[in-house]
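First the structure, in the form of structure tokens, and then the observations on it.
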Amino acid sequence: MRVLILGGTVFLGRHLVDAALERGHEVTIFNRGRHEASMPPEVERLRGDRYDEDGLEALRGRRWDAVVDTCGFAPHVVRRSAELLADAVEHYTFVSSASVYRDMSVAGIDESYPVGVLTDEELREAESLKPRDDKPGFAYGAMYGALKALCERAAEEAMPGRVLNVRAGLIVGPFDDSDRFTYWPRRVAEAGRDGGDLLAPGKPERQIQLIDARDLAGWIIRLAEARRAGIYNATGPDYVLTMGRLLEECRRATGSAARIVWVEESFLLEAGVQPWSDLPLWLNEDNEEHRYFLAIGNEKAVEAGLTFRPLAETIRDTLAWDATRTADPEPRPGLTRERELQLLQKSKG
């Protein structure tokens, strides 16, 4: 199979390249060339900026069996790409997001749950924006989820019955520079080296969800081979994972002696700690809009063959990759160790 990947050098795209090559496919990547990554010599590279009117010229006149779109954030951009490729490919995978849903006020929502909507004014504003080079989705702020839903519709309208819309949950693993997951294995390992305490938010039985990018990538390639279409919530695992279990797995995987100290949400909020950004994977229970973002239904994807590697493997591999990173130009998400220790001291009264 000849596979075209829109994106392909930052995170999920890199794993899609690996998954496609492992299954014997020919791979072409198309992107702006802003992020250099080592690629096997057999991977074809095409350059262009899909957010420019004439930025898709490198794709014109070419044919592939399937395309995977990892970097579509605005519906007019996705529509332009899908329309150009409609007669050039048999199957189109759009990597969407679980953020498409109107709210996360109930647990276990499935693919039929209502999606977010935008006003005409918001849509015009979104279409005037251009993604940042480093974190492109951030340019759209609170409009991100509703725009992803419109992107899904744009792809389906251009290629009816041939589109796989993957509503991914929290994607983690090697090459994930968001630190939304990496923070915890790293912090458990750091606290363990000095035998210190580790601040954990809320309750240990709180459910969380995540999916290793390698599991997601392999599943997407298999579904593209089968020309599977439709909408799927793609997150994991296939059991109820709790925050407590994640941290215990991190302790075992790293051999850490860290002492996990669970701190009440009310204390953290009063202290000005921001859910998700200051403490990744924490969504406070009082936030009805996002409360169950890490508890969506994934049964349809599991029935379609989505599988999950052991959590300990994801933890170890993520830490191994993290150890190779250089200093970031921007501060990473999460509490500094100094701030964490201050909060722990205050929480003890």
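Quick note: numbers below take in every heavy atom, side chains included, and nothing from hydrogens, waters or symmetry partners. The residues of the chain are indexed from 1 along the displayed sequence.
Atom CD of Glu205 sits in a crowded spot, with more than 12 heavy atoms from other residues, nucleotides or ligands closer than 6.0 Å. Within a 6.0 Å sphere centred on CZ of Arg153, heavy atoms belonging to other residues, nucleotides or ligands number 12 at most. Counting heavy atoms of neighbouring residues, nucleotides and ligands inside a 6.0 Å radius, atom CD of Glu338 does not exceed 12 of them. Within 6.0 Å of CD in Glu264 there are 12 or fewer heavy atoms belonging to other residues, nucleotides or ligands.
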- request: Carefully, step by step, assess Glu288 and Arg291 under the rule salt bridge (charged side-chain N to carboxylate O under 4.0 Å, His left out).
  value: CA-CA 5 Å; Glu288 287 293 329; Arg291 181 177 181 182; 3.7 Å; yes
query: Given Phe94 and Glu156, is the side-chain contact (heavy atoms from CB on, under 4.5 Å) satisfied, shown in steps?
result: CA-CA 10 Å; Phe94 178 68; Glu156 179 62 28; over 6 Å; no
message: Test salt bridge (charged side-chain N to carboxylate O under 4.0 Å, His left out) on Glu248 and Arg245; report intermediate values, then the result.
response: CA-CA 5 Å; Glu248 289 298 334; Arg245 177 167 177 174; over 6 Å; no
- prompt: Does the side-chain contact (heavy atoms from CB on, under 4.5 Å) test come out yes or no for Asp197 and Lys348, once each step is laid out?
  reply: CA-CA 12 Å; Asp197 292 341; Lys348 296 174 183 177; 2.9 Å; yes
field: Verdict with supporting geometry, Thr182 and Trp321, side-chain contact (heavy atoms from CB on, under 4.5 Å)
entry: CA-CA 10 Å; Thr182 311; Trp321 164 76; 4.3 Å; yes
message: Checking Tyr113 against Asn233 for the side-chain hydrogen bond (donor to acceptor under 3.5 Å, both in side chains) test, could you report, in this order, the C-alpha distance in whole Å, the side-chain angles of both residues, the deciding distance, and whether it holds?
response: CA-CA 11 Å; Tyr113 197 77; Asn233 290 337; over 6 Å; no
field: Worked verdict on Leu283 versus Met104 for side-chain contact (heavy atoms from CB on, under 4.5 Å)
entry: CA-CA 11 Å; Leu283 293 169; Met104 296 286 178; over 6 Å; no
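Arg167 is listed as a side-chain neighbour of Ile231, based on a closest heavy-atom distance under 4.5 Å. When side chains are defined from C-beta on, Phe30 does not count as touching Val67, because their heavy atoms never get closer than 4.5 Å. Annotation: side chain of Leu223 is not in contact with side chain of Thr93 (no heavy-atom distance under 4.5 Å). When side chains are defined from C-beta on, Leu21 counts as touching Pro40, because their heavy atoms get closer than 4.5 Å. Inter-residue side-chain proximity for Trp64 and Glu26 is flagged as unmet; no heavy-atom pair is nearer than 4.5 Å. The closest side-chain heavy-atom distance from Thr318 to Trp184 is not below 4.5 Å. Two residues are said to be in side-chain contact when any heavy atoms from C-beta on lie closer than 4.5 Å; Glu340 and Leu198 meet this criterion. Proximity of Phe308 to Asn298: side-chain heavy atoms (C-beta onward) are separated by under 4.5 Å at one or more points.
By the 4.0 Å N-to-carboxylate-O rule, Glu285 lies too far from Arg206 to be salt-bridged with it. Salt bridge status for Arg186 with Asp179: present, with a side-chain N to carboxylate O gap under 4.0 Å. A salt bridge between Glu90 and Arg227 is present, with a side-chain N of the basic residue lying under 4.0 Å from a carboxylate O of the acidic one. Ion pairing between Arg214 and Glu22 fails under the 4.0 Å rule for side-chain N and carboxylate O. Between Arg339 and Asp278 there is no salt bridge, since no side-chain nitrogen of the basic residue lies less than 4.0 Å from a carboxylate oxygen of the acidic one.
Under the 3.5 Å distance criterion, the side-chain polar atoms of Arg187 are matched with a main-chain donor or acceptor of Leu335. The backbone N or O of Ile296 sits less than 3.5 Å from a side-chain atom of Gln209, completing a donor-acceptor pair. Side chain of Asp54 to backbone of Leu56: no donor-acceptor contact under 3.5 angstrom is found. The closest donor-acceptor contact from the side chain of Lys203 to the backbone of Trp262 lies at 3.5 Å or more, if one exists at all. Counting only distance, with no hydrogens or angles, the side chain of Asp65 and the backbone of Arg2 share a donor-acceptor pair below 3.5 Å. Judged purely by atom type and a 3.5 angstrom limit, Arg316 has no side-chain atom pairing as donor or acceptor with the backbone of Ala253. Under a 3.5 Å cut-off, the side chain of His25 and the backbone N or O of Met1 do form a donor-acceptor pair. Panel note: side chain Asp176, backbone Ser178; a donor-acceptor pair is recorded below 3.5 Å. With Lys300 contributing its side chain and Ala234 its backbone, the two residues share no donor-acceptor pair below 3.5 Å. The closest donor-acceptor contact from the side chain of Glu249 to the backbone of Leu311 lies at 3.5 Å or more, if one exists at all.
In the hydrophobic clustering of ILVMFWY residues, with side-chain heavy atoms under 4.5 Å counting as a link, Leu279 and Ile315 come out together. Leu164 and Ile5 fall within the same hydrophobic cluster, defined by Ile, Leu, Val, Met, Phe, Trp and Tyr side-chain heavy atoms under 4.5 Å apart, directly or through other members. Residues Val27 and Val68 fall within the same hydrophobic cluster, defined by Ile, Leu, Val, Met, Phe, Trp and Tyr side chains chained together at heavy-atom separations under 4.5 Å. Follow the hydrophobic side-chain contacts under 4.5 Å out from Met143 and you never reach Val117; the two are in separate clusters. When the side chains of ILVMFWY residues are joined at heavy-atom separations under 4.5 Å, either directly or via intervening members, Tyr51 and Leu150 end up in a single hydrophobic cluster.
The minimum heavy-atom distance between Tyr183 and Pro333, with the atom names listed, is CD1-O, 3.9 Å. Across all non-hydrogen atoms, the minimal contact from Pro275 to Asn284 is CG-OD1, 3.4 Å. When all heavy atoms of Ala158 and Ala86 are compared, the closest pair comes out as O-CB, 3.9 Å. Of all the heavy atoms in Phe175 and Val10, the pair that sits closest is CB-O, 3.6 Å.
In this structure, Tyr144 and Phe73 have tilted ring planes: the angle between them lies in the 30° to 60° band.
If you take OG1 on Thr235 and CG on Leu294, they are separated by 7.5 Å, rounding to the nearest 0.5 Å. Here the CG atom belonging to Leu216 is positioned 7.0 Å from the CG atom belonging to Leu16, to the nearest 0.5 angstrom. To the nearest 0.5 Å, the span separating CG on Leu4 from CD on Glu44 amounts to 9.0 Å. Atom OG1 of Thr9 and atom CE of Met39 lie 6.0 Å apart (nearest 0.5 Å).
Pairs engaging residues 304-313 under the salt bridge (charged side-chain N to carboxylate O under 4.0 Å, His left out) rule: Asp212-Arg309, Asp215-Arg309, Arg309-Glu313 [sequence neighbours left out].
The aromatic ring centres of Tyr232 and Trp219 sit less than 6.0 Å apart.
Arg23 meets the salt bridge (Lys or Arg N to Asp or Glu O under 4.0 Å) test with Glu225; sequence neighbours excluded.
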